Amino acid sequence: MSNQKIKELVDRRKTARQGGGQKRIEAQHAKGKLTARERIDLLLDNGSFEEFDMFVRHRCTNFGMENTRFDGDGVVTGMGTIDGRLVYVAAQDFTVTGGSMSETMAGKICKVMDMAVRVGAPFIALNDSGGARIQEGICSLAGYGEIFERNILASGVIPQISGIFGPCAGGAVYSPALTDFTIMIKDTSYMFLTGPGVVKTVTGENVTQEQLGGANVHTRKSGVAHFAVESEQEGIEKIKALLSFMPSNNRETAPFIETADPAGRVDDTLNDIIPDNPNQAYDMYEVIGSIVDDGKFLEVQRSWAKNIIIGFAHMNGRSVGVVANQPKTLAGALDINASRKAARFVRFCDAFNIPLVTLVDVPGFLCGTQQEHGGIISNGAKLLYAFGEATVPKVTVTLRKSYGGAHITMSCKQLRGDINYAWPSANIAVMGAEGAVDVLYSKELKAITDPQERKKASDQRKEEYNRKFCNPYSAAEYGYIDDIIEPRNTRFRVIRALEQLDGKKVESPWKKHDNLPL
Ligand code: HXC
């Protein structure tokens, strides 16, 4: 082969790597953003990236588009490794026609998505795009449709992670919404169906992009995104950290991470963490930090629905999904958002063979018109459904309150919970003493005219109720709790339970798919 041909290849590669050209690269940097290739360099192990379709160009001739044809056409795609594990990646290149979606660009993305599913490796999309390429009209929309369909078919088969590293507008937002985790960069990324201009025309509202769909909005108010980070570098690190807890596909288990933290480590402080006053809060993060390996916990959706905590940790090297009520927010009650948040997480863990560790301190479902009118019934049922259908090992520890429907929902024995422990401080009952006495004895108590006598009688009834139901022994008598454990031993007991459940196999009845209460 002539040197000329080799030189041509080298030159063409060099040109392709320039994307939309130096000027547009500088403009991208001036906005505080990295280019698609710089992002991929940070994401993948050094030298591991193999790019596909570097020479693909669009075929559009509308509006003079035949004169602006760049190699690669607005997205950099390929494969590489993260911590030695294969992943497929598509990073939109804003320097080429604003990263807008063309027919050929969609084809490139679909190619790597198909490869990822075929070989069973995670798919990572780094979004930075002006949306549908206007000049391509319906062909651009069709491209989105092709991607969405692949997102759907890949869901539960391979992990899919979306980084929003710039604009993500219009129907384009549905690809991240269909993936498992979405990371947004504060101040430089946003997601919305229609931008501020259209909002102004349609509703008369005046909003900025940030107010409409910035990282804070989607991680605090809507729950659409899972992480808001300060920089692109931090966003990339978050993607890598997430992957370390996941298997590459639904037929594998997550990597085992060696730990120096002894499985038998006890923590005496847990024996004193539950306050004497049942209405006083304590911090569930302290319990989680105490029982997981090295106190390391990767929390998901930290700023949204804070009354429930979800996230990944390791226990004696095994990856686990932790779901825990947080008594410090809304007393840990389950509301619409908490139910939705935890349900999706439970389903992710179940799809990818990640055992569930559930820590319960729940006074019930949040009541009131706002919740009822918002559909707490069907939203609460999502979490009930998610725990009930999950077949991964499920270990539950009830720390304090576990009342009524919320008791059932939080991975109880009857929802195929495998090992259900309780601390001696647990109250497992239909409701707390206050409410129960009110329902059962209101007539009797109202008949007592002297207020002091009435209080005395009420306290007596409450004490009687507490003695009978507000403890873990009543549930343990029926075998609904497998053992009552000392809080200080929780780490050791949960680890032993998980080890025992390693070989768990549970079949559910055949079905085309389920019909969970969406
Ligand atoms: C074609 C586009 C484009 C688009 C940007 N560009 N968006 N070209 N189709 N959708 C081009 C610009 O012409 C420009 O080309 C380059 O990309 C960079 O754009 P700028 O406007 O210079 O950048 P910036 O000032 O940073 O603004 C970025 C932006 C803005 C906010 C994203 O470009 C914008 O508002 N674009 C339109 C967004 C939009 O309405 N998209 C359609 C949404 S509806 P040159 O040649 O100058 O570099 C949708 C439906 C999807 O997407 C449905 C899926 C089911």
Side-chain angles (χ1 to χ4, degrees), residues 15 18-36 39 57-76 90-110 113 125-152 162-179 182 184-185 187-202 207-215 217 224 232:
T15 308
Q18 283 292 297
Q22 194 53 36
K23 254 188 150 164
R24 291 192 180 91
I25 292 175
E26 281 161 19
Q28 177 83 343
H29 287 160
K31 288 179 202 148
K33 293 175 15 177
L34 298 173
T35 65
R39 288 167 182 159
R57 291 175 169 203
H58 71 75
R59 294 182 282 267
C60 177
T61 52
N62 302 326
F63 303 102
M65 280 299 280
E66 63 273 24
N67 303 319
T68 46
R69 295 173 77 227
F70 293 94
D71 289 338
D73 196 29
V75 67
V76 182
Q92 290 174 325
D93 182 353
F94 195 84
T95 69
V96 176
T97 332
S100 57
M101 182 67 71
S102 67
E103 181 192 13
T104 42
M105 177 171 166
K108 283 182 67 171
I109 297 172
C110 290
M113 292 179 82
L126 303 180
N127 297 259
D128 187 2
S129 164
R133 188 169 297 169
I134 295 161
Q135 299 89 333
E136 293 209 10
I138 187 68
C139 292
S140 165
L141 298 188
Y144 275 119
E146 296 284 351
I147 294 169
F148 298 166
E149 180 64 19
R150 280 165 178 78
N151 285 135
I152 294 161
S162 300
I164 313 297
F165 282 24
C168 183
V173 294
Y174 285 113
S175 179
L178 292 167
T179 62
T182 299
M184 293 186 75
I185 318 295
D187 303 325
T188 54
S189 75
Y190 49 86
M191 297 172 79
F192 38 65
L193 279 174
T194 48
V198 177
V199 171
K200 171 82 182 145
T201 313
V202 176
V207 280
T208 63
Q209 290 186 350
E210 189 61 31
Q211 289 164 338
L212 193 59
V217 167
V224 163
E232 296 196 9

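For the numbers below, each heavy atom of this structure counts, side chains included, while hydrogens, waters and symmetry mates do not. If you're wondering where the values come from, they're calculated on a predicted model, not measured in any experiment. Each ligand, and each atom within it, is numbered from 1 in the order the structure gives.
- Ion pairing of Asp128 with Lys31 is absent here, as no side-chain N (NZ or NE/NH1/NH2) approaches a carboxylate O to less than 4.0 Å.
- Here the side chain of Asn151 pairs no donor or acceptor atom with the backbone of Thr179 at under 3.5 angstrom.
- Applying the side-chain hydrogen bond (donor to acceptor under 3.5 Å, both in side chains) rule to Glu210 yields no partners; only residues at least two apart in sequence or on another chain are considered.
- Contacts classified as side chain to side chain donor-acceptor pair (under 3.5 Å) and involving residues 137-149 (residues at least two apart or in different chains) are given here: Glu146-Arg150.
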Would you tabulate the polar-atom pairs, meaning N/O of ligand 1 against N/O of the protein, with distances under 3.5 Å, reported to 0.1 Å?
unit_1   : atom_1 : unit_2 : atom_2 : d
ligand 1 : 9 (N)  : Ile134 : N      : 3.2
ligand 1 : 10 (N) : Gly130 : O      : 3.2
ligand 1 : 10 (N) : Ala132 : O      : 2.8
ligand 1 : 17 (O) : Gly98  : N      : 2.9
ligand 1 : 26 (O) : Lys31  : NZ     : 2.9
ligand 1 : 41 (N) : Gly130 : O      : 2.6
ligand 1 : 46 (O) : Arg24  : NH2    : 3.2
ligand 1 : 48 (O) : Arg24  : NE     : 2.8
ligand 1 : 52 (O) : Ala132 : N      : 2.8

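- Contacts of Phe192 classified as ring-ring contact (aromatic ring centres under 6.0 Å, His included), with partners at least two apart in sequence or in another chain: Tyr190.
- Within the model, atoms OH of Tyr174 and CD1 of Ile147 stand 16.0 Å from one another, a figure rounded to the nearest 0.5 Å.
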